[in-house]
**Q** 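I'd like to ask you about the structure that follows.
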Amino acid sequence: MSIDTLALGTEINIRNIQPLYQQLLELLHRVDELILDAGELHKVDTAGAQLLYLFALSCDKRGLKLSWQQAQPAFIAQLMRLGIRIPTLDSDFEKETLNEDYPRS
């Protein structure tokens, strides 16, 4: 089983979406599990949000395990304002938030 992590950078928008699309497409066909590191991602426009949403759907359809790392509240809020909900992101964000709010002893 191959696992890879991809850092999403600080911003995903119509001007920089093509290289990210190519990376995601390559990973979709190459790995069994992918972690998207959203720790520095603070800004996403509609095109970027749609790319991430459709990629998550493609992963689900292909059986590729997708998880999110360090998704920032500002990023989640932007998706919500755009009306885009990515189920794997929501569940990973909730887990991280719960772990921060209620750390295990």
Side-chain angles (χ1 to χ4, degrees):
M1 177 192 288
S2 61
I3 301 172
D4 210 335
T5 301
L6 177 65
L8 295 175
T10 59
E11 187 174 344
I12 302 173
N13 58 48
I14 193 72
R15 290 183 300 268
N16 69 3
I17 204 169
Q18 189 61 35
L20 177 60
Y21 170 76
Q22 292 299 327
Q23 287 179 297
L24 291 172
L25 189 61
E26 177 190 325
L27 289 166
L28 185 65
H29 297 287
R30 187 170 52 86
V31 300
D32 301 310
E33 183 175 347
L34 179 60
I35 301 165
L36 293 179
D37 182 351
E40 295 182 17
L41 185 59
H42 298 286
K43 210 170 194 185
V44 177
D45 71 0
T46 306
Q50 289 173 339
L51 172 67
L52 295 174
Y53 174 75
L54 292 172
F55 181 72
L57 291 180
S58 296
C59 289
D60 185 52
K61 186 176 180 180
R62 290 182 171 269
L64 186 148
K65 183 176 185 234
L66 177 64
S67 57
W68 298 78
Q69 188 174 52
Q70 300 177 0
Q72 300 299 309
F75 165 53
I76 303 292
Q78 286 178 349
L79 291 177
M80 290 173 65
R81 280 192 297 275
L82 292 169
I84 294 178
R85 183 172 178 264
I86 302 172
T88 53
L89 174 61
D90 290 344
S91 63
D92 287 351
F93 181 70
E94 287 170 8
K95 285 180 208 168
E96 281 187 24
T97 303
L98 286 175
N99 287 337
E100 289 171 7
D101 292 343
Y102 304 101
R104 294 183 179 154
S105 358

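Owing to the predicted nature of the structure, the values given are computational and were not obtained by experimental measurement. Heads up: numbering here begins at 1 and tracks the sequence.
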**Q** Which donor-acceptor pairs under 3.5 Å do side chains of residues 17-24 form with protein atoms, sequence neighbours excluded?
**A**
none

**Q** Looking only at heavy atoms, what is the nearest atom pair of L27 and L64, with distance?
**A**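 Minimum heavy-atom separation between L27 and L64: O-CD1, 3.9 Å.
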**Q** Going by salt bridge (Lys or Arg N to Asp or Glu O under 4.0 Å), name the pairs with one or both residues in residues 47-59, residues two or more places apart or in two chains.
**A**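 For residues 47-59: none.
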**Q** What residue pairs, at least two apart or across chains, pass salt bridge (Lys or Arg N to Asp or Glu O under 4.0 Å) with a residue in residues 62-73?
**A**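 Checked against salt bridge (Lys or Arg N to Asp or Glu O under 4.0 Å) - neighbours excluded - the pairs reaching residues 62-73 are E33-K65.
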**Q** Looking at A38, is its backbone amide N or carbonyl O close enough to the side chain of Q70 to form a donor-acceptor pair, meaning the two atoms are under 3.5 Å apart?
**A**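 Looks like no, no N/O pair under 3.5 Å.
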**Q** Looking at L89 and L79, what are the two nearest heavy atoms and their distance?
**A**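 L89 and L79 have their closest heavy atoms at CD2-CD1, 3.3 Å.
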**Q** Name every donor-acceptor pair, under 3.5 Å, that has one atom in a side chain of residues 44-59 and the other anywhere in the protein, sequence neighbours excluded.
**A**
{"from": "D45", "atom 1": "OD1", "to": "A47", "atom 2": "N", "distance (Å)": "3.2"}
{"from": "D45", "atom 1": "OD1", "to": "G48", "atom 2": "N", "distance (Å)": "2.9"}
{"from": "D45", "atom 1": "OD2", "to": "I14", "atom 2": "N", "distance (Å)": "2.9"}
{"from": "S58", "atom 1": "OG", "to": "L54", "atom 2": "O", "distance (Å)": "3.1"}

**Q** What pairs with D4 under side-chain hydrogen bond (donor to acceptor under 3.5 Å, both in side chains), at least two apart in sequence or on another chain?
**A**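 side-chain hydrogen bond (donor to acceptor under 3.5 Å, both in side chains) check on D4 returns R30.
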**Q** Could you grab the distance from atom CG of L8 to atom CD of Q69, nearest 0.5 Å is fine?
**A**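 Here the rounded value is 10.5 Å.
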**Q** Which atoms form the tightest heavy-atom contact between H42 and A74, and what is the distance?
**A**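 It is O-CB, 4.3 Å.
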**Q** Return the set of residues passing side-chain hydrogen bond (donor to acceptor under 3.5 Å, both in side chains) with N13 (not counting sequence neighbours), or none when no residue passes.
**A**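 With neighbours one apart ignored, the set is E11.
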**Q** With sequence neighbours left out, write down each residue that passes side-chain hydrogen bond (donor to acceptor under 3.5 Å, both in side chains) with E40, or none if nothing qualifies.
**A**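 Once residues adjacent in sequence are excluded, E40 has no partner under the side-chain hydrogen bond (donor to acceptor under 3.5 Å, both in side chains) criterion.
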